**Q** 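One structure follows; several queries about it will come next.
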Amino acid sequence: MKNIPELPCAIVEDLLPAYVEGLTSEETRAAVEAHLASCPACAAKRTAMGAEAEPEVEQTETAREVDYLKTVRRRGRRRVMLAVLATLLVLTAGFAAKVFLIGSPLDPAGTAVSAQREDDVLRVQISSAASGNAFWDWTVENQDGVVVITARSVLVSPLFRDGTGTVEVPLEGVTEIWLGEAGWGRMIWQEDTEISADAWALYQARTSYVGDASAVGKVLAAVDTWYGPYIEYTISLQTDQEPYGLTIHFDDITAHMSKDSVIRVTDQRMYTLAPTLLALIGNLERVQWTCALSDGTYHTQTVTLEEVDEALPDWIEARNLAHDLISPDNGPDWTVPESIKDYAASPAAVQRLIDLTDYGFYTVTEVDGTYNFYPWP
């Protein structure tokens with residue numbers, strides 16, 4: 001075993017800093033420790049130096065840990081920002097693909113439709129009611145005589161610019177043509193008859209019971225949309241006993257018109273619309289209207305189901321005669337239904353009622369080969 005030299009206190013004091021830092025050789029370390037074991041004064045100095053060094057070491061380690069945590073936090077923050085940016089880009093790309101490329105099924109309510117028959121082919125033209133929409137991916141599918149026309153609707157872009165479409169439908173064996181899925185979309189052709197948007201809306205609004213005020217209100221709203229212009233009124237329903245009735249009260253127009261004008265306007269409107277109301281409201285048997293006049297009196301008129309059904313053959317006769325005189329080769333004569341209510345049986349029937357209303361309700365007489373048409377009633 002090597003002899004450990006004895007070191008004086010002065011030398012040990014000089015070596016203590018290196019000793020505390022672990023920078024001395026093994027022999028010097030052993031000599032210092034031997035001296036410290038026998039010298040309380042130097043041992044105390046060594047202890048004091050160790051106590052001072054430990055906080056510095058701890059502070060250094062703490063600073064390193066803080067720097068590391070800051071670095072981790074910065075990296076994590078960058079990762080989160082990149083993830084958020086990537087998510088936004090994906091969502092934006094998905095949204096753009098949805099509205100400009102994929103789109104949604106064509107909504108029949110947002111389209112205008114016209115049709116022209118050429119021999120046994122129906123040429124259907126569809127256009128968007130909104131200028132910012134375009135159509136693509138047109139399909140025409142015949143399902144046992146029911147033709148369904150579908151397309152995708154997207155926003156206008158360089159990819160799809162056209163908000164119109166034209167399809168040709170062979171009519172052999174076809175009973176109905178729908179824009180959109182059958183039963184969900186809108187019927188546009190039935191029984192060799194083009195179905196207008198108004199006819200479809202009236203058919204959808206029909207109700208079987210006059211006592212349902214909400215349903216009757218929907219019928220009146222559809223009639224107002226079709227016939228126009230809108231005139232404010234209130235209604236009352238008579239459902240306690242037959243004949244079941246609907247009364248329309250035009251009280252707000254008195255201040256705007258003279259007495260004669262009020263009578264003329266309300267009578268003209270209601271004599272025109274009463275047959276349609278009787279047709280679309282299943283158990284309705286009487287339509288009445290009243291209006292307040294400037295002299296404080298009321299004008300009241302009534303049209304009954306019996307009166308309309310009695311006049312209906314004359315209306316159809318006058319329509320067929322006028323049709324034959326004007327366009328003798330354009331379709332067969334209409335047959336007379338048993339009741340005006342038969343005109344609510346199908347969209348095509350409602351369309352014929354609209355056409356008859358637009359033509360007007362007339363009776364016709366012949367004198368010396370001259371036909372005279374008289375408006376009803």
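Computed from a prediction, not measured in an experiment: that's the story for all the values here.
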**Q** A side-chain contact here means heavy atoms from C-beta on lying under 4.5 Å apart; do Q125 and T164 qualify?
**A**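 Side-chain contact under 4.5 Å: no.
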
**Q** When hydrophobic residues are tied together by side-chain contacts of less than 4.5 Å, even through go-betweens, does I235 share a cluster with V303?
**A** yes

**Q** Take atom OH in Y298; do more than 12 heavy atoms of anything else shown fall under 6.0 Å from it?
**A** no

**Q** Let me know which of D224, T290, T247 forms a side-chain hydrogen bond (donor to acceptor under 3.5 Å, both in side chains) with Y233.
**A**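 Answer after filtering D224, T290, T247: D224.
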
**Q** May I ask you to check whether over 12 heavy atoms, not counting those of N372, lie within 6.0 Å of atom CG?
**A**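 Yes, the 6.0 Å shell around CG holds more than 12 heavy atoms from other groups.
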
**Q** Test your reading of the model: is there a side-chain donor-acceptor pair from Q351 to the backbone of S196, 3.5 Å cut-off?
**A**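 Side chain of Q351 to backbone of S196: a pair is present.
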
**Q** If you round to the nearest 0.5 Å, how far is CG of D14 from SG of C9?
**A** 11.5 Å

**Q** Determine yes or no for a side-chain-to-main-chain donor-acceptor pair under 3.5 angstrom, with H299 supplying the side chain and I263 the backbone.
**A** no

**Q** What I'd like to find out is whether the side chain of L171 reaches to under 4.5 Å of the side chain of I177, using heavy atoms alone.
**A** yes

**Q** Is there side-chain contact between I248 and L220, with at least one heavy-atom pair below 4.5 Å?
**A**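 Side chain of I248 against side chain of L220, heavy atoms only: contact under 4.5 Å found.
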
**Q** Please report the shortest heavy-atom distance between V262 and A292, naming the atom on each side.
**A** CG1-O, 4.3 Å

**Q** Run through E307, R286, Q288 and flag the one making a side-chain hydrogen bond (donor to acceptor under 3.5 Å, both in side chains) with T302.
**A**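 With T302 as partner, E307, R286, Q288 yield a single side-chain hydrogen bond (donor to acceptor under 3.5 Å, both in side chains), made by Q288.
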
**Q** Is the number of heavy atoms from other residues, nucleotides or ligands within 6.0 Å of CD (E191) greater than 12?
**A** yes

**Q** Can V308 be reached from I281 by stepping across I, L, V, M, F, W or Y side chains whose heavy atoms are under 4.5 Å apart?
**A**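 Per the 4.5 Å side-chain linkage, I281 and V308 are co-clustered.
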
**Q** Does D119 offer a backbone N or O that forms a donor-acceptor pair with the side chain of R117 under 3.5 Å?
**A** yes

**Q** If we check ring pair (Phe, Tyr, Trp, His ring centres under 6.0 Å) with F361, which of these qualifies: F373, Y374, W315?
**A** W315

**Q** For R186 versus P108, what's the shortest heavy-atom pair and its separation?
**A** CB-CB, 3.7 Å

**Q** Would the distance check show the side chain of E176 and the main-chain N or O of Q190 forming a donor-acceptor pair, the cut-off being under 3.5 Å?
**A** no

**Q** When you look at CD of E172, are more than 12 heavy atoms from neighbouring residues, nucleotides or ligands closer to it than 6.0 Å?
**A**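 Atom CD in E172 is not packed in, count stays at 12 or less.
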
**Q** Hydrophobic cluster membership, with links at side-chain heavy-atom distances under 4.5 Å among I/L/V/M/F/W/Y: are W178 and L106 in one?
**A**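 In one cluster with W178: L106, no.
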
**Q** Can any side-chain N or O of D342 pair as donor or acceptor with the backbone N or O of S339 at less than 3.5 Å?
**A** yes

**Q** Are the side chains of L353 and I340 in touch, meaning some heavy atoms are under 4.5 Å apart?
**A**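 Of all side-chain heavy-atom pairs linking I340 with L353, at least one is under 4.5 Å.
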
**Q** Under the side chain to side chain contact (heavy atoms under 4.5 Å, CB included) rule, what do W376 and D314 come out as? Steps first, then yes or no, please.
**A** CA-CA 10 Å; W376 177 85; D314 293 333; over 6 Å; no

**Q** If you look at every heavy atom in T24 and Y19, which pair is closest and at what distance?
**A** CG2-N, 3.7 Å

**Q** About how many Å separate OG1 of T304 and CG of D309, when rounded to the nearest 0.5 Å?
**A** 8.5 Å

**Q** Can you tell me if R152 uses its side chain to pair, donor with acceptor, with the backbone of G103 under 3.5 Å?
**A**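 Pair found, side chain donor or acceptor close to backbone of G103.
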
**Q** Checking W334 against L356 for the side chain to side chain contact (heavy atoms under 4.5 Å, CB included) test, could you report, in this order, the C-alpha distance in whole Å, the side-chain angles of both residues, the deciding distance, and whether it holds?
**A** CA-CA 10 Å; W334 287 4; L356 179 61; 3.8 Å; yes

**Q** Are side-chain heavy atoms of T28 and I11 found at a separation under 4.5 Å?
**A** no

**Q** Look up atom CG in L321 and atom CD1 in I326, then write down how far apart they are to the nearest 0.5 Å.
**A** 9.5 Å

**Q** Under a single-linkage definition using a 4.5 Å side-chain heavy-atom cutoff for Ile, Leu, Val, Met, Phe, Trp and Tyr, are I195 and I149 assigned to the same hydrophobic cluster?
**A**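 Different hydrophobic clusters.
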
**Q** Is there a donor-acceptor contact under 3.5 Å from the side chain of N283 to the main chain of V210?
**A** yes

**Q** Check the angle between the aromatic planes of W138 and F135 and answer parallel, tilted or perpendicular using the 30° and 60° thresholds.
**A**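 Ring orientation of W138 relative to F135: perpendicular.
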
**Q** Hey, does the side chain of R269 reach the backbone of T266 with a donor-acceptor pair shorter than 3.5 angstrom?
**A** no

**Q** Could you tell me whether D358 and R319 have a side-chain N and a carboxylate O separated by less than 4.0 Å?
**A**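 No salt bridge links D358 with R319.
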
**Q** Taking CD in E366 as the centre, count heavy atoms belonging to other residues, nucleotides or ligands within less than 6.0 Å. Is the count above 12?
**A** yes

**Q** Between D295 and T297, is a side chain to side chain donor-acceptor pair (under 3.5 Å) present by the stated rule, with each step listed?
**A** CA-CA 6 Å; D295 60 3; T297 62; 2.6 Å; yes

**Q** Within a strict 4.5 Å, meaning less than it, do heavy atoms of the V287 and M270 side chains meet?
**A** yes

**Q** So which heavy atom on A318 is nearest to which on V364, and how close?
**A**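 That would be CA-CG1, 4.2 Å.
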
**Q** What's the separation between atom CD in E6 and atom SG in C39, rounded to the nearest 0.5 Å?
**A** 12.0 Å

**Q** Should the ring pair W289 and Y271 be called parallel, tilted or perpendicular, given that the plane angle runs from 0 to 90° and is split at 30 and 60?
**A**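 If you compare the ring of W289 with that of Y271, the planes turn out perpendicular.
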
**Q** Quick one, L202 with I354, criterion side chain to side chain contact (heavy atoms under 4.5 Å, CB included). Give me CA distance, side-chain angles, the key distance, then yes/no.
**A** CA-CA 10 Å; L202 291 174; I354 286 180; 3.7 Å; yes

**Q** Please examine the side chains of W200 and V113, heavy atoms only from C-beta on, and report whether any two atoms are closer than 4.5 Å.
**A**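 Not in contact.
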
**Q** So how far is it from L284 CG to Q238 CD, rounded to the nearest 0.5 Å?
**A** 9.0 Å

**Q** Output the distance between atom CD (E306) and atom CD (E310), rounded to the nearest 0.5 Å.
**A**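 That separation rounds to 6.5 Å.
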
**Q** Less than 4.5 Å apart, any side-chain heavy atom of V84 and any of M81?
**A**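 Not in contact.
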
**Q** Flag yes if V336 and Y343 sit in one hydrophobic cluster, no otherwise; membership is Ile, Leu, Val, Met, Phe, Trp, Tyr, and two members link when side-chain heavy atoms are under 4.5 Å apart.
**A** yes

**Q** So which atom in T207 and which in A215 form the shortest heavy-atom distance, rounded to 0.1 Å?
**A** OG1-CB, 3.5 Å

**Q** Does Q143 have more than 12 heavy atoms from other residues, nucleotides or ligands lying within 6.0 Å of its CD?
**A**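 Enclosed.
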
**Q** Report the C-alpha distance between L36 and L16 in whole Å, list the side-chain angles of each, state the deciding distance to 0.1 Å, and finish with yes or no for side chain to side chain contact (heavy atoms under 4.5 Å, CB included).
**A** CA-CA 10 Å; L36 294 174; L16 278 178; 4.2 Å; yes

**Q** Would you find a donor on one side and an acceptor on the other, under 3.5 Å apart, between the side chain of K218 and the backbone of Q204?
**A**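 Between the backbone of Q204 and the side chain of K218 there is no qualifying donor-acceptor contact (under 3.5 Å).
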
**Q** Which atoms form the tightest heavy-atom contact between A344 and A279, and what is the distance?
**A** CB-O, 3.3 Å

